[in-house]
Amino acid sequence: MWYVSTRGIAPRVNFEGALFSGYAPDGGLFMPEELPQLDRETLCQWSTLSYPGLVKELCALFIGSELLPKDELNDLIDRAFSRFRHREVVHLSRLRNGLNVLELWHGVTYAFKDLSLSCTAQFLQYFLEKREKHVTVVVGTSGDTGSAAIESVQGAKNMDIIVLLPKGHCTKIQELQMTTVLKQNVHVFGVEGNSDELDEPIKTVFADVAFVKKHNLMSLNSINWSRVLVQMAHHFFAYFQCTPSLDTHPLPLVEVVVPTGAAGNLAAGYIAQKIGLPIRLVVAVNRNDIIHRTVQQGDFSLSEAVKSTLASAMDIQVPYNMERVFWLLSGSDSQVTRALMEQFERTQSVNLPKELHSKWERQDYEKMAVMECDGCCVELCLGNCGPRRGSMTDIPGTAMVRGGG
């Protein structure tokens, strides 16, 4: 399978190229050139699989055996999940009235990022050993990505990791998870400003293609396609756990409520939708509400400042994975996507074209809604996102799932 940039200028690459690139050379994000379509028979076959089994099938679909043979892929994924505390890796807790909580926190750092990063680190090790290469990973974090990335690569002989954390903007536990690791390949720096502000110099560095190539730099933030790929499994696992039978026509619809900051898990869910999974996404955000304004009003613009909340990992104003959503929404139109993102980078404000926003409303609104929260809680939209509402404080490693079973 080939991957192309959402901005359409960079040459296409295979999975290995997308894995090591992070940002594409033209500033875009890599996406599959064509999305496969899953039929009912495939969904039925996958419905009995464990969470690791689903990750294996999805990765095989998007990587290709000519690049990574299936048996070796399976071994890497088994190795990635070997340190998780729950025997299922991911567990669905059933509450009542069809409401469920998907527990994604059973990894070493208790963040859902452990799931995708543990797999991504194994893919990196595989290709680095094969090519006899060394890379330096550069990560900006609002908390959970940094600690999960460090955990996934610490001690690796062919990788160094540099993590920039915003001083005073991470939880104490996550700060300690990052700053108490003594492995020689781990380098952590506290920086002034918030996570959006520290992302800017990182993006500037990756825009210097010659510098990146000279120093073998890469990123493990959710700009990395591998992260999004593995996170698709969350949505498939939740769907199958909540659907007692796939014998109905049409297939039953399951609603998944996703707390999000940089929109990585949202992009994963939206791609899962596009390839055939019958889910409705409800995106829960905190007071940093750019995704809410984008969906409701077509207003993709920064607020005056990042608002601090108890959900510090979601205190993000620039949800960079929305670029992937815009690309899918526009029908893979890289010219439209490039124009939107370049204007946003120049002015920090863009209004979606009416035809694009109306297309979202017409085709996808019934499958994707966003709830803005008040205060420092994440408001969870239940049912049809009307007056019936519930709330909970943010746990980055959860997703609320509504469905049968």
Side-chain angles (χ1 to χ4, degrees), residues 43-59 74 76-122 143-145 147-148 151-152 173-174 177 227-246 252-260 264-266 268-269 272 277-284 311 313-314 378 380 382 390-405:
L43 291 174
C44 289
Q45 291 172 353
W46 286 13
S47 65
T48 60
L49 295 176
S50 63
Y51 177 83
L54 286 169
V55 174
K56 292 171 183 177
E57 292 298 329
L58 282 164
C59 288
N74 291 346
L76 293 177
I77 291 170
D78 287 338
R79 200 177 306 157
F81 295 138
S82 63
R83 298 178 62 199
F84 279 69
R85 293 180 301 277
H86 199 286
R87 60 182 177 83
E88 295 178 289
V89 180
V90 165
H91 177 68
L92 188 84
S93 288
R94 303 188 186 277
L95 303 182
R96 59 183 180 182
N97 300 325
L99 189 64
N100 310 277
V101 174
L102 188 64
E103 299 173 0
L104 305 174
W105 62 71
H106 297 293
V108 177
T109 73
Y110 295 85
F112 87 97
K113 308 284 179 65
D114 287 324
L115 291 157
S116 58
L117 281 166
S118 62
C119 293
T120 299
Q122 291 297 323
D144 47 0
T145 292
S147 51
E151 179 58 40
S152 69
I173 289 175
Q174 288 171 332
Q177 285 178 334
R227 292 268 310 272
V228 176
L229 167 58
V230 176
Q231 286 174 178
M232 288 170 60
H234 308 346
H235 302 275
F236 279 88
F237 185 77
Y239 180 81
F240 294 135
Q241 289 288 303
C242 290
T243 308
S245 173
L246 298 181
L253 187 70
V254 170
E255 185 175 80
V256 182
V257 182
V258 184
T260 194
N265 212 7
L266 164 61
L277 189 67
I279 58 173
R280 180 174 186 267
L281 293 168
V282 181
V283 188
M314 294 167 61
V378 174
L380 296 177
L382 309 179
S391 64
M392 62 181 288
T393 55
D394 172 53
I395 306 174
T398 63
M400 300 293 285
V401 187
R402 190 172 184 81

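- Under the 4.5 Å side-chain criterion, counting only non-hydrogen atoms from C-beta, Leu115 is in contact with His234.
- Here the closest heavy-atom approach between residue Leu92 and residue Phe237 is recorded as N-CE2, 4.5 Å.
- Closest approach of Ala121 and Ser152 over heavy atoms only: CB-O, 3.4 Å.
- With rounding to the nearest 0.5 Å, the separation of CD in Gln177 from OH in Tyr110 is 9.0 Å.
- Summarising the geometry, atom CD1 belonging to Ile173 is positioned 11.0 Å from atom OG1 belonging to Thr109; distances are rounded to the nearest 0.5 Å.
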Give the intermediate values and the outcome of side-chain contact (heavy atoms from CB on, under 4.5 Å) for residues Phe236 and Leu43.
-> CA-CA 9 Å; Phe236 279 88; Leu43 291 174; 4.0 Å; yes
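- With sequence neighbours left out, Ser116 forms a side chain to side chain contact (heavy atoms under 4.5 Å, CB included) with Arg227, Val230, Gln231.
- Considering CZ of Phe81 and NE2 of His106, their distance stands at 13.0 Å, rounded to 0.5 Å.
- Between Phe84 and Ser118, the shortest heavy-atom distance links the atoms CE1-OG, 3.9 Å.
- The backbone N or O of Cys44 sits less than 3.5 Å from a side-chain atom of Ser47, completing a donor-acceptor pair.
- Nearest approach of Val228 to Ala268, heavy atoms of both residues: O-CB, 3.5 Å.
- For the pair Arg280 (side chain) and Val254 (backbone), a donor-acceptor distance under 3.5 Å is absent.
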When you look at Thr260 and Val283, which way does the side-chain contact (heavy atoms from CB on, under 4.5 Å) test go after all the steps?
-> CA-CA 7 Å; Thr260 194; Val283 188; 3.0 Å; yes
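- Around CZ of Arg87, the count of heavy atoms belonging to other residues, nucleotides or ligands within 6.0 Å does not exceed 12.
- In this structure, a donor-acceptor pair under 3.5 Å is present between the side chains of His235 and Asn265.
- Put simply, the side chain of Gln45 does not reach to within 4.5 Å of the side chain of Glu57, judged on heavy atoms.
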Leu281/Ile279 under side-chain contact (heavy atoms from CB on, under 4.5 Å): CA gap, chis, key distance, verdict = CA-CA 6 Å; Leu281 293 168; Ile279 58 173; 3.9 Å; yes
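- Once rounded to the nearest 0.5 Å, the distance linking CG of Leu277 with CZ of Phe240 reads 6.5 Å.
- The two residues Cys242 and Arg94 make their nearest non-hydrogen contact at CA-NH1, 4.5 Å.
- With rounding to the nearest 0.5 Å, the separation of NZ in Lys56 from CD1 in Ile77 is 6.5 Å.
- Remark: Asp144 CG to Trp105 CH2 distance equals 14.5 Å, nearest 0.5 Å.
- Scanning both residues, Tyr239 and Pro278, for their nearest heavy atoms gives CE1-O, 3.3 Å.
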